[in-house]
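Predicted model only: the values in this text are computed from it and were never measured. Computed from heavy atoms alone, side chains included, the values below leave out hydrogens, waters and symmetry copies.
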Amino acid sequence: MEEPEYYDISHVKGISTHIEIDNGIVESATNSFSDTAVMRVLGKRGWGVVTIENFTGRSEKEIKEYIALAMKYAKATEEEVVLADCTSGILPVPKPSENPTEVSLEEKCSLLMDIERAARIDSIVNTRANYTEGNGTVHFTDSSGHEYKYSLCRSGYSVSAVAKKGSVMQAGRESEHTILGFNLRHKENKGLEAAERAVKLLDAKPAKGGIMDAVLDQELAGVFAHEAVGHASEGDLVKEGISVLKGMNGKKIGADIVNVVDDPTLHEFGFMPVDSEGVLPVRTEIIKKGVLNSYLHNRQTLAAVGFGDAGHARSQPGDVPVVRMSNTFIENGDSSYDEIVSECKNGILLKGSRGGQVDPGRGVFQFNAEYGYVIKNGELSGMVRDVSLSGDILKTLHNITLCAKDRKMNPGYCGKSGQNVPVTDGSPHLLLREAIIGGQGQ
């Protein structure tokens, strides 16, 4: 048999739990089990990949047979692949304050119901809550002799409430996810906060669009850091020529106060003790004092593109690793929130996120804020809804003129290449000059 240039095996065995409550009714409460390995084998030209279910207990003879099968697939590929030499290693996993797996499914349902029940106030016509928990053991081995094993549990919940008044309907949402332990206890206030915000939005006016100065809160600015900057810095997009940051190595792409980082070593929801290629994760400064300082890479894109760090390969269980972010954020500045609102003078404060879209190739984005406040003479005025932020990534980076010192991180999931992985994004409050604000108000 022709010997492979390299191979690795990523085996994930675990249990996931999901609970869904709709208007006071537990619609589903399920556990599912996985025992899946993905084997990548590098031939003379390109990868061969085999996915193996029920991997536990497979013999060495069977593994050799899978390697031979993957080599057949590799011969069908024609992409020349070079892997950069990288530092291999693993970080310690933090111990959870309370292990979610030791809490019964019945208690989890009861606690989630308490959060959902708190959202049922006057004018609320629909409430939903869900809980997710993924507890698994990851075992990585490769043909270079590296072998790592760790266990990690990620869990969290979300609650949403929809308010209605006449023909107007508005929604509020709260969520929390963590790797640091069970977090469903004493969270009824989150259900109430979501509901009260939805009710307040019923009386908020639609925002007036236009070009104006804007204050971005930590959540919306964090989404900008992840979606607009983070994705554009991923080495596979740069390699394929579909990133606005391609060829910008070492160039000034933002204001001096802008520093953007991806740090998988932080004990946030996107924490990685080791990446999906066995590389030791490192903090990567994507933008440093407004200058493009680094791309995010796996071993293949680092060899092909250069300029950055590997250790950013991630995979959903049962899939191949691709270049992904982990914990991505804009660094603190030295202003206070009050100073930023005052300096804005007349403009708008944008809060929260309801999704949006970004085209990293063209370098443009559009994000919907959850709500906002008009700023008049440096002070908050009336609440507004149906408001969005759009613009050019590079121009926006240059137009950030103040950063507060109140960075917050927001956990969630990021989709790419058909895979969802846990991430965190964050930022302090920012002052953005000449922002393009969307709205239909008068």
Side-chain angles (χ1 to χ4, degrees), residues 123-124 158 160-175 193-229 330 337-338 340-359 364-393 395-397 399-404 406 408 410 412 425-442:
S123 300
I124 296 296
S158 69
S160 62
V162 177
K164 184 177 181 182
K165 182 171 151 181
S167 60
V168 178
M169 298 181 75
Q170 292 292 316
R173 184 177 184 275
E174 292 287 336
S175 67
E193 288 176 16
E196 289 181 335
R197 188 179 315 119
V199 173
K200 285 182 179 178
L201 282 169
L202 292 174
D203 295 321
K205 294 181 179 178
K208 182 180 179 181
I211 297 177
M212 64 190 79
D213 294 344
V215 177
L216 312 187
D217 83 335
Q218 300 107 322
E219 184 174 351
L220 188 63
V223 170
F224 171 76
H226 175 101
E227 298 289 351
V229 179
I330 298 173
Y337 165 73
D338 289 340
I340 286 181
V341 172
S342 176
E343 190 65 26
C344 181
K345 293 185 173 62
N346 294 294
I348 192 166
L349 167 64
L350 302 180
K351 293 182 70 69
S353 170
R354 292 189 292 113
Q357 52 195 335
V358 61
D359 181 341
V364 295
F365 67 88
Q366 189 270 328
F367 304 134
N368 299 313
E370 191 176 4
Y371 62 104
Y373 289 91
V374 173
I375 298 176
K376 287 184 178 179
N377 300 317
E379 295 184 353
L380 297 190
S381 181
M383 190 181 197
V384 294
R385 56 178 167 83
D386 305 330
V387 59
S388 64
L389 171 72
S390 59
D392 176 279
I393 295 172
K395 184 176 181 182
T396 300
L397 288 169
N399 286 357
I400 296 171
T401 59
L402 289 176
C403 295
D406 56 0
K408 282 179 62 179
N410 299 286
D425 56 52
S427 172
H429 281 91
L430 305 179
L431 176 57
L432 177 61
R433 298 294 189 190
E434 298 182 351
I436 303 173
I437 304 299
Q440 299 297 319
Q442 299 299 314

Applying the salt bridge (charged side-chain N to carboxylate O under 4.0 Å, His left out) test to Asp213, which of Lys376, Lys345, Arg433 qualifies? Arg433
Angle between ring planes, Phe365 versus Phe367, binned at 30° and 60°: parallel, tilted or perpendicular? parallel
Could you check Asp217 against Lys408 for salt bridge (charged side-chain N to carboxylate O under 4.0 Å, His left out), going step by step and ending with a plain yes or no? CA-CA 9 Å; Asp217 83 335; Lys408 282 179 62 179; over 6 Å; no
Leu220 to Leu350 - nearest heavy-atom pair and separation: CD2-CB, 3.6 Å
Which heavy-atom pair separates Tyr371 from Met383 by the least distance, and what is that distance? CD1-CE, 3.5 Å
Heavy-atom closest pair (Val168 atom, Arg385 atom, distance to 0.1 Å) is CG1-NH2, 4.1 Å
Got a second to check how far Cys403's SG is from Leu431's CG, nearest 0.5 Å? 9.5 Å
Of all heavy-atom pairs linking Ile330 and Ala221, the shortest is CD1-O, 4.0 Å
Heavy-atom pair of closest approach, residues Ile393 and Ala228: CD1-O, 3.3 Å
Sub-4.5 Å side-chain heavy-atom contact between Val162 and Ile124: no
Give me the atom names and distance for the closest heavy-atom approach of Asp386 to Arg354. CA-NH2, 4.3 Å
Taking the side chain as everything from C-beta on, heavy atoms only, tell me whether Val229 gets closer than 4.5 Å to Phe224. yes
So, Arg173 and Glu370, do they make that salt bridge, N to O below 4.0 Å? no
Carefully, step by step, assess Leu432 and Leu389 under the rule side-chain contact (heavy atoms from CB on, under 4.5 Å). CA-CA 11 Å; Leu432 177 61; Leu389 171 72; 4.1 Å; yes
Would you call Lys165 and Ser123 a side-chain contact if the rule is heavy atoms closer than 4.5 Å? no
Any side-chain heavy atom of Asp359 sitting closer than 4.5 Å to one from Gln357? no
side-chain contact (heavy atoms from CB on, under 4.5 Å) involving Asp406 - partner list, sequence neighbours excluded: Gln218, Tyr337, Ala404, Pro428, His429
Does the side chain of Leu216 reach to within under 4.5 Å of the side chain of Ser427, using non-hydrogen atoms? no
A side-chain contact here means heavy atoms from C-beta on lying under 4.5 Å apart; do Asn346 and Met212 qualify? no
Let me confirm one number: the OG-CD1 distance from Ser342 to Ile375, rounded to the nearest 0.5 Å. 10.0 Å
Would you give the length of the straight line joining atom CG of Asp425 to atom CD of Glu219, rounded to the nearest 0.5 angstrom? 8.0 Å
Side chains of Leu349 and Val341: does their closest heavy-atom pair fall under 4.5 Å? no
Measure the CD1-NZ distance between Ile436 and Lys395 for me, rounded to the nearest 0.5 Å. 6.0 Å
